[in-house]
There are 2 protein chains.
Amino acid sequence: MPLTIGDLGKATNTKVETVRYYERIGLLPKPSRSTGNYRTYGATELGRLSFIRRARDLGFSLDQVRALLGLSDDGTCDCAGIDRIANEHLREVDRKLADLTALRRELKAVIDSCDGGTVAECRIIEALGPTIDG
Amino acid sequence: MPLTIGDLGKATNTKVETVRYYERIGLLPKPSRSTGNYRTYGATELGRLSFIRRARDLGFSLDQVRALLGLSDDGTCDCAGIDRIANEHLREVDRKLADLTALRRELKAVIDSCDGGTVAECRIIEALGPTIDG
DNA sequence: CTTGACCCTGTAGCTGCTACAGACACTAGA
DNA sequence: TCTAGTGTCTGTAGCAGCTACAGGGTCAAG
């Protein structure tokens with residue numbers, strides 16, 4: 001029972017356009033076609049797309065996904081290579097978390113500076129403005 | 001002492017192309033020109049661009065920056081409106097932090113699942129693969 | 001035999017820049 | 001005065017990772 005692109009999309013929570021996009025950039029192989037020129041998919045493609053989506057959900061870039069798929073396609077399961085990509089990504093995530101945390105703290109400070117009452121001057125605007133010592 | 005676009009860029013840590021981009025999308029007003037058709041800037045523009053950059057550093061979108069500038073340009077300092085935008089952004093940041101934290105936890109779990117040794121099968125690939133109950 | 005849901009290709013749009021190409025302006029040194 | 005090297009100008013195209021059309025073809029149900 002071959003799947004249409006719509007079926008595949010539903011099964012993997014992916015928009016049809018995105019499936020075609022993945023095909024275009026070479027993440028998914030060109031599928032076989034029905035008599036009416038419809039793309040037809042099977043369990044293999046379903047697995048591959050699930051893999052891609054899961055990796056994307058975990059924040060891997062498409063390039064990283066491509067690399068993971070390449071290593072995974074290797075008969076030899078290059079666990080070290082995969083571990084390297086995953087850990088690299090983890091470090092990236094940690095950097096982003098740190099950045100975002102710092103940003104939040106600063107943003108909060110700016111907002112709180114305005115909290116004091118109904119002064120005529122807006123402290124947020126002031127806080128966002130150019131620094132005096134520039 | 002009018003500033004060239006390069007001076008302005010250096011003073012605000014902004015690339016020249018970015019300054020022109022901000023002008024094109026209407027964040028910065030069209031500046032006056034020198035005899036040689038060079039853009040010339042003064043303290044007002046410097047202040048405005050500093051404001052934009054600071055807001056961008058704090059993660060505000062260009063649309064939000066536009067709104068903040070609009071409210072700030074209002075003679076009446078609409079502190080409530082500004083506070084609303086800033087707090088909305090803060091909530092966004094908190095959402096992102098939560099998402100990223102959850103992502104990190106899951107990513108860590110996937111990586112750790114592979115940590116046990118030199119098994120023939122890669123647990124990362126497995127963990128990324130399709131769920132059985134799908 | 002028509003309606004509606006799906007599919008096809010190709011292209012343009014989104015955010016927030018960044019990077020050219022090809023031409024003109026200006027400054028410092030020979 | 002010439003020249004080299006920097007800056008600036010406009011316009012356009014590119015990046016990620018999709019998303020959204022337009023303008024058509026296909027297929028199943030009633």
Side-chain angles (χ1 to χ4, degrees), chain A residues 1-28 30-41 45 48-49 51-69 85 88-89 92-93 96 99-100 103, chain B residues 1-28 30-41 45 48-49 51-69 85 89 92-93 96 99 103:
Chain A
M1 41 128 212
L3 304 167
T4 67
I5 194 170
D7 298 334
L8 190 67
K10 260 170 220 139
T12 58
N13 197 25
T14 311
K15 303 212 168 178
V16 166
E17 290 94 338
T18 306
V19 178
R20 284 196 285 248
Y21 171 69
Y22 287 163
E23 178 186 330
R24 196 161 64 245
I25 65 171
L27 274 192
L28 288 175
K30 282 178 192 291
S32 51
R33 300 286 183 131
S34 75
T35 52
N37 200 31
Y38 284 18
R39 288 169 178 82
T40 54
Y41 300 98
E45 286 91 350
R48 195 173 178 94
L49 183 51
F51 182 102
I52 294 170
R53 296 302 282 179
R54 179 112 175 82
R56 293 287 301 131
D57 281 349
L58 285 175
F60 286 94
S61 74
L62 288 181
D63 262 7
Q64 287 174 321
V65 173
R66 200 187 304 274
L68 286 173
L69 282 169
I85 293 175
E88 198 174 296
H89 179 45
E92 251 171 64
V93 169
K96 273 190 197 167
D99 286 353
L100 205 53
L103 186 156
Chain B
M1 43 125 211
L3 303 167
T4 66
I5 195 169
D7 297 336
L8 190 66
K10 260 169 222 139
T12 58
N13 198 26
T14 310
K15 303 210 168 179
V16 165
E17 291 95 337
T18 306
V19 178
R20 285 197 283 250
Y21 171 70
Y22 287 163
E23 178 187 330
R24 196 161 64 244
I25 65 170
L27 274 191
L28 288 174
K30 282 177 193 291
S32 51
R33 299 286 183 131
S34 73
T35 52
N37 199 33
Y38 283 18
R39 289 168 178 82
T40 54
Y41 299 97
E45 286 91 351
R48 194 174 179 94
L49 183 52
F51 182 102
I52 294 171
R53 296 301 283 180
R54 179 113 174 80
R56 292 287 301 132
D57 281 349
L58 286 174
F60 287 94
S61 74
L62 288 181
D63 262 6
Q64 287 174 321
V65 173
R66 201 190 304 274
L68 287 173
L69 282 169
I85 293 175
H89 178 46
E92 252 171 63
V93 170
K96 271 189 199 167
D99 286 354
L103 186 156

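Convention: sequence-line order gives letters A, B, ...; per-chain numbering from 1.
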> Side chain to side chain contact (heavy atoms under 4.5 Å, CB included) for B:Val16 and B:Leu8? Distances and angles first, verdict last.
CA-CA 8 Å; B:Val16 165; B:Leu8 190 66; over 6 Å; no

> Under the rule for salt bridge (charged side-chain N to carboxylate O under 4.0 Å, His left out), what residues qualify as partners of A:Glu23, not counting sequence neighbours?
A:Arg39

> Of B:Glu17 and B:Tyr21, whose closest DNA chain C nucleotide lies nearer the 5' terminus?
B:Tyr21

> With respect to B:Leu27, which candidate in B:Leu62, B:Val19, B:Leu49 satisfies the side-chain contact (heavy atoms from CB on, under 4.5 Å) definition?
B:Leu62

> Under 3.5 Å, is there a donor-acceptor pair between the B:Thr14 and B:Arg53 side chains?
yes

> What are the 5'-most and 3'-most nucleotides of DNA chain D lying under 4.0 Å from any heavy atom of chain B?
D:dG7 to D:dT10

> Base, sugar-phosphate, or nothing for B:Arg56, non-hydrogen atoms under 4.0 angstrom?
sugar-phosphate

> Under 4.0 Å between any heavy atoms, over every strand shown, what does A:Ser61 touch: base, sugar-phosphate, or nothing? Just pick one.
sugar-phosphate

> For B:Leu62 and C:dC17, what is the distance between atoms CG and C1' respectively, to the nearest whole Å?
9 Å

> What is the distance, to the nearest angstrom, from the CG atom on B:Leu49 to the P atom on C:dG16?
16 Å

> List, with names and distances, any nitrogen or oxygen atoms from the protein found under 3.5 Å away from nitrogen or oxygen atoms belonging to nucleotides 2-6 of chain C.
| residue | atom | partner | partner atom | Å |
| --- | --- | --- | --- | --- |
| C:dC6 | O2 | A:Tyr38 | OH | 3.4 |

> Evaluate salt bridge (charged side-chain N to carboxylate O under 4.0 Å, His left out) for B:Asp63 paired with B:Arg66, printing each intermediate quantity in order.
CA-CA 5 Å; B:Asp63 262 6; B:Arg66 201 190 304 274; 3.8 Å; yes

> Is any side-chain heavy atom of B:Glu17 closer than 4.5 Å to one of B:Tyr22?
no

> When you match A:Gly36 and A:Thr18 each to their closest nucleotide on DNA chain D, which lands nearer the 5' end?
A:Thr18

> Can you tell me if A:Arg39 touches the phosphate of C:dC8, counting only side-chain N or O atoms and a distance under 4.0 Å to OP1 or OP2?
yes

> State, yes or no, whether a side-chain contact exists between A:Leu100 and A:Lys96 at a heavy-atom distance under 4.5 Å.
no

> A:Asn37 has an atom CG; how far is it from atom P of C:dG10, in whole Å?
11 Å

> Given side chains that start at C-beta, do those of A:Leu68 and A:Phe60 come closer than 4.5 Å, heavy atoms only?
yes

> Expressed as a whole number of angstroms, how long is the span from B:Leu28:CG to C:dG16:P?
15 Å

> Round to a whole Å and report the spacing from CD of B:Glu23 to P of C:dC17.
15 Å

> Is the shortest side-chain heavy-atom distance between A:Thr40 and A:Pro31 below 4.5 Å?
no

